[in-house]
Amino acid sequence: MKLFVSDGNPHCVKVLAVLEFTGVKCDVKHVNHEERVVPYLSRPALPALLLPSGTHLFSPNSICQYLIELNGQESSDIVNQWLEWEATELQPAVMHALHMVVLQGKGAETPRVLQGPLSYLDQSLSQRTTLFLTAEMVSVADVVLWAALYPILSDSSLVSGNQTLQLWFERVGMLAACVSAAQTVLQGKGLKAESLKTYLQRQPTTHHGQGQVQGRGTQPCNSPEGDDDDCVLSEEEIQSAAVTWGKGLTDLPMVPERQHPILPQEGKRNVLVTSALPYVNNVPHLGNIIGCVLSADVFARYGRLRGWNVLYVCGTDEYGTATENKAREEGLTAQQICDKYHAVHASIYQWFQVDFDFFGRTTTKKQTEIAQNIFWRLHERGFLLEDIVEQLRCEACQRFLADRFVEGTCPFCSYPEARGDQCDKCGKLINAVELREPTCKVCSQTPVVQSSKHLFLDLPKLEAELEQWLERSTGSGDWTANAKQITRSWVRDGLKPRCITRDLKWGTPVPHPDFSDKVFYVWFDAPIGYLSITANYTDQWEKWWKNPQQVELYNFMAKDNVPFHSVVFPCSLLGAQDNYTLVNHLVATEYLNYEDTKFSKSRGVGVFGDMAKDTGIPSDVWRFYLLYLRPEGQDSAFSWVDMATKNNSELLNNLGNFINRAGMFVSKFFESCVPAMALQQEDKRLLAQVGWELKQYINLMDRVKIRDALKCILNISRHGNQYIQVNEPWKKIKGDETDRQRSGTVTGVSVNVACLLSVMLQPYMPTVSHTIRQQLNAPPSVTGTLLQGTGNFVCSLPAGHHIGTVSPLFQKLESEQIESLKKRFGGQQPKTTAQPDVNAQPATTPASDPAAQTAVNGADAERARELTLAVAEQAEKVRTLKGQKAEKTVIGAEVTKLLELKKQLSLAEGKDPEPVLTKGKKNAQPATTPASDPAAQTAVNGADAERARELTLAVAEQVTWGGNKCNELGIRGETMEV
């Protein structure tokens, strides 16, 4: 194994640091920046790792992940989330900043570029109780992020503030691995290293838009050549863009209209898309919608535009205890409940414009036939076992409890709200009887354990075949990082037999005579719904599901569904030995939360699918915002304020503004007729920029990077707005003939960019896309031609083309409207324990001090969050000053500020501010502070809580770095007994 690095390349710092940190043995070879060590790439890609198999890894984060796994270390979910964030958010900003500082001398502008990611990292560190990102000990996430930031943060003059971040940076920088890597690559000089300047001079200028565009060194996996964030346009590329533009629509193939039933075709790319089947008894919330059906819809729509032969199927999962309980609640039969809520789901998805080819359900004859057929094939081939199972039975409900209706404490990580089948915190599978302190979620009674005979799928017997298939599928397909991680952890821990039957009435009956009183367990039965739903769509369903040679299968879901789609269901199909189509691309999202909490129908918290249309906000805007914050690499949160901001800035002021201006110029200045265009170099450059963004869009969408691809659309409209603003066609139209011609060219090019945007928007905002094409009177062929191949930005609206009536596409979301919606969907507000005295005088807080404004008559959650962060920052400042042995007067002033912030925090939390014990006054009374209030810990019985926390931090630092300086720090027992 050989690692190739180059001097001055900041991406090489992280791989060398991780190499030494993990202790993996590897030859390191230093090469120059221009050397091509990856033979199948036409340009250099460093660092690069040559594996014993002859394969090359050339993404720094991929190399780091490989070294971690090679060392036998388990990469936790939180580490993976930080690595994903570093790749997609931090690294593009850092590279842009390096170009500005080192090559352009614009150090003063660096804070603006880095403000977002550095603030996020600083806040994350401030809110943790551990010394490092993930734990008390340094993890590989710390090393990778430190290495990314090293060139910038090594010069403290560039980035002020963010004190918690600076302390963390200094702690990690003490690692021998970090010191060695920085010395090797940048001679320990950071920004002042001459080799860094030499490296950057050979690199294209970076374009850091929203911090989301992926560039070299930022991909989470190896990517095809040309997948760069670096948009450097050569003269040849600019001229090529102009030639492509001139071809028009005539030479490009048309995409045929859909004709049902859609069946695989010889010589076509046949793509089968499924989204996780939603439980019929639940009304889906926004997180459910973005996690499966909406994401799958965007990809299916995109595939059709690309000319692929796409079939998108989904349906409601209708069997199981949840349906029985819902039926009992509503006084209906289970079938009536299924009929009722199947219609509710269908209506919600229709309003969100989810374009299924077929939306079915699992309570059908086809489901019974196919599930029982797979069962018998598994039975005949010896992949089923019989065993006695201890189950939880609720005597109050008079039934065995399905796993999801049991809740208790996880036996592995002690999470108190683990389900009976899986723990959402640690991700491990659980047998319900293993839960500590289990309760029935229906009646809250404690269930009892009873025995029953059941059938099991013999997963250990299928494990070797499964691993071979996983190696092929994950190696060749686009599996998301979390899907791979979750699957690896399952297989690494060793598979165990999995029960496939349940003691229920409502389900697919088990056909075996010895188990005739049982039904199939939902996670054996439900994924078979994909097959049966397709069978209800067409009797030629086997052409899709028993045709792995011709069909590519994409599964979309949230991460909690991964193991059932990557392990359990594939084992069922492998064991059936009937040439089934298995998943090629498993696309899993993280979780979408609501504001700062979870969605809850019972508490009225969050927006559910049946409520969205009552907000008055168009479904396209909902689609846009959900896809904009799609939780691809880490959990994200819906925010009303952020939704309004994105609508007003990105849709109204950026995208809508550009498209409307382009169309209005044609209508107003050229009588709705596209003017003649005489391209100049500036126009050709714009064509090349737009063409590059189009290629990026296609590259990202092909790899199901849906959120990142959306940024390419917004980047194009930004280019367009700038192009219009610089050229001022509204002024030039009033000038001489040359100016009027220039106005016409700018207007004609702009309206063609708008037409391209309408096509790129179609998967995301279908109604807006259609409206734009209507307003521009765009030829129907544009939707089937512009996204062919690697993208074709052609002149689709030539001179003389008549457009329609142009009108604004978006409306502003006003703050009053958003505030009203926020309150409406915020659930019940927490009640304060004490009612304020109406005659009481308000606190004498100076009105001129915005930091002192608090909610006097109740809790102010938003203000409390701000103040919590301020308290943490101020406490860190105090600790720093003490550590630096600053003057007592200086420390005392900062301590006073800290105490005032804590007082304001108490007010914001709806509490009375506690009196503070004054040191040194013998007659002072200690504050009656509850021990449970950490913000109010005071010095009691001679102990100094602030000093104790300070010394605890110091001890942890010394232990972390292997030192033992407790005596030097002067730690005594009475100090630590706070």
Side-chain angles (χ1 to χ4, degrees), residues 5 7-23 47 60-61 64 67-68 79 82-83 85-86 90-91 93-95 97-98 101-102 107 110-111 114 117-126 128 130-193 195-196 217 873 876-877 879-881 883-884 953-963 965:
V5 296
D7 291 343
N9 183 341
H11 300 306
C12 294
V13 177
K14 70 171 73 166
V15 297
L16 286 175
V18 171
L19 179 65
E20 185 168 338
F21 180 73
T22 56
N61 280 22
C64 292
L67 294 173
I68 299 165
V79 167
W82 276 116
L83 294 182
W85 179 82
E86 187 275 339
L90 179 62
Q91 194 58 241
V94 167
M95 291 305 295
L98 287 176
V101 176
V102 178
T110 302
L114 293 171
L118 292 190
S119 295
Y120 174 78
L121 182 54
D122 186 72
Q123 291 176 22
S124 299
L125 288 164
S126 299
R128 290 194 62 83
T130 57
L131 287 172
F132 299 100
L133 280 172
T134 63
E136 288 295 340
M137 301 294 287
V138 176
S139 73
V140 72
D142 293 284
V143 176
V144 168
L145 267 69
W146 179 92
L149 289 168
Y150 168 71
I152 294 291
L153 293 188
S154 59
D155 186 343
S156 58
S157 65
L158 287 176
V159 185
S160 59
N162 299 324
Q163 293 179 345
T164 307
L165 171 60
Q166 288 283 359
L167 288 171
W168 164 85
F169 179 77
E170 292 168 9
R171 281 196 293 269
V172 180
M174 294 169 63
L175 266 184
C178 294
V179 174
S180 175
Q183 184 65 39
T184 300
V185 179
L186 299 174
Q187 299 78 52
K189 297 179 180 179
L191 290 171
K192 297 178 182 178
S195 58
L196 174 62
E873 290 176 348
E876 189 65 45
K877 187 174 183 179
R879 282 193 287 272
T880 302
L881 289 171
Q884 295 171 347
L953 178 65
V955 171
E957 287 177 336
Q958 292 300 325
V959 172
T960 301
W961 304 115
K965 297 191 176 182

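Here the structure is a predicted model, which is why all the values come from computation and not from measurement. Computation of the quantities below employed the complete heavy-atom set of this structure, encompassing side-chain atoms and omitting hydrogens, waters and symmetry-equivalent molecules.
S180 meets the side-chain contact (heavy atoms from CB on, under 4.5 Å) test with E20, T184; sequence neighbours excluded. Remark: V185 engages C12, V13, L16 in a side-chain contact (heavy atoms from CB on, under 4.5 Å) (not counting sequence neighbours).
Nearest approach of A141 to W82, heavy atoms of both residues: CB-CB, 3.9 Å. When all heavy atoms are compared, the tightest approach of C64 to V144 is SG-CG2, 4.1 Å. K14 approaches H11 most closely through the heavy-atom pair CG-O, 3.3 Å. Residues A181 and A17 come closest through the heavy atom pair CB-N, 3.6 Å. The minimum heavy-atom distance between L145 and E86, with the atom names listed, is CD1-CB, 3.6 Å. Annotation for M137 and F132: closest pair C-CD1, 3.6 Å, computed over non-hydrogen atoms.
Between Q91 and M95, some side-chain heavy-atom pair lies under the 4.5 Å cut-off.
S139 and D142 share a donor-acceptor pair across their side chains, judged by distance under 3.5 Å alone.
Paired with P10 under the rule side-chain contact (heavy atoms from CB on, under 4.5 Å), one option of V94, L196, L149, I152 passes, and it is L196.
With ring centers used as reference points, F169 lies under 6.0 Å from W146.
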